[in-house]
Amino acid sequence: MQAPIIGVLALQGAFESHQQRLGELGAPTRQIRTPADLAAVDALVMPGGESTTMSKLLVTSGLFDPIAQRISSGMPVFGTCAGMILLSTEVLDGRPDQLSFAAIDITVQRNGYGRQLDSFETEITVPSFGADAAPFHGVFIRAPKVIRFGDGVAVVAEHDGIPVILRQAAITVASFHPELVGDHRLHAEFLNSLTRTPSHAETS
Ligand code: GLN
């Protein structure tokens, strides 16, 4: 089986760091700026950045509807920070015209950790890494705060009682920036999950 090709949404934000982390794991990657780019990949990473800007660029690039269609047909997506916001069902404190894919049943509050905590770093225990595993260094930058999650959503990790990594079917989201640290475990988990689900290339 050919390795799945991972698209990294490259309209704005920290996409290059995601591409670098995935490349270091040996995954083939493509930057996604057009619907044709999207058609060539099996899975997608939505980076951190500015969700309101990305929402606008998703519309002007013509990518919003094709991405929504791919998500509804099961394309795996890993969204971080602004990417988490874009994948959420409900966004609080967004711009009124801000769009999201409603791909994971969560409500997030933009910049929900507050002004004083604009940015912070903390150690996050991720139980799926194993009982003795080192925590993951979480870099939170004007991060979204999860304030509700639906029954179908699994909490993969939390910090101070608030979920910071969640998963529903093929959608995984993190409120921090795993691409900015030299720890590949979350990207590796995402890649491993792809080999357990049929890729786009196999199903089409
Ligand atoms: N606050 C940003 C937004 O609303 C997200 C910040 C980030 O991705 N680091 O899009």
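One-based numbering, in listed order, for ligands and for the atoms of each. Residue numbers count from 1 along this sequence.
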Handout entry: N or O pair under 3.5 Å between Thr52 and ligand 1
Key = no

Exercise for the section: Pull out every atom of ligand 1 sitting under 4.0 Å from any heavy atom of Arg142, numbered as shown with elements. Expected result: 1 (N), 2 (C), 5 (C), 6 (C)

Practice task
Could you give me the CA-CA distance, side-chain angles and deciding distance for Val108 and Ile147, then say whether side chain to side chain contact (heavy atoms under 4.5 Å, CB included) is met?
Solution key: CA-CA 6 Å; Val108 297; Ile147 59 171; over 6 Å; no

Problem - atom 1 (N) of ligand 1: the protein heavy-atom neighbour that sits closest, reported with distance to 0.1 Å - result: Asn111 OD1, 2.6 Å

Problem - Sub-6.0 Å ring centroid separation between His187 and Phe78 - result: yes

Fill in the blank from the handout: Among Ser51, Ala143, Pro144, closest by heavy atom to atom 3 (C) of ligand 1 is Ser51

Fill in the blank from the handout: For His177, the ligand 1 atoms with a heavy-atom partner under 4.0 Å come out as 7 (C), 8 (O), 9 (N)

Problem - Nearest option to atom 2 (C) of ligand 1, as decided by whichever heavy atom of Ala82, Gly49, Gly79, Gly112 sits closest - result: Gly49

Problem - Under-4.0 Å heavy-atom contact with ligand 1, by part of Arg110 that carries it - result: side chain

Problem - side chain to side chain contact (heavy atoms under 4.5 Å, CB included) assessment of Val164 paired with Val146 - result: CA-CA 7 Å; Val164 293; Val146 174; over 6 Å; no

Problem - Check: Ser88 side chain, Val91 main-chain N or O, donor-acceptor pair, under 3.5 Å - result: no

Practice task
Take every heavy atom of Met54, measure it against each atom of ligand 1, and state whether any distance is under 4.0 Å.
Solution key: no

Problem - Qualifying residue, where the test is side chain to side chain contact (heavy atoms under 4.5 Å, CB included) with Met46 and the options are Ile85, Leu86, Leu58, Thr80 - result: Leu86

Exercise for the section: Check ligand 1 against Gly48 and write out every atom of the ligand that is under 4.0 Å from a heavy-atom position of the residue. Expected result: 8 (O)

Problem - Sidechain N-carboxylate O distance under 4.0 Å for Arg110, Glu50 - result: yes

Exercise for the section: Please report which non-hydrogen protein atom sits nearest to atom 7 (C) of ligand 1, along with the residue it belongs to and the distance in Å to one decimal place. Expected result: Cys81 SG, 2.7 Å

Exercise for the section: State whether the side chain of Arg21 and the backbone N or O of Glu179 hold a donor-acceptor pair below 3.5 Å, judged by distance alone. Expected result: yes

Problem - ligand 1 N/O within reach of Ile85 N/O, cut-off under 3.5 Å - result: no

Handout entry: ILVMFWY cluster, Phe101 and Leu99 together (side-chain gap under 4.5 Å)
Key = yes

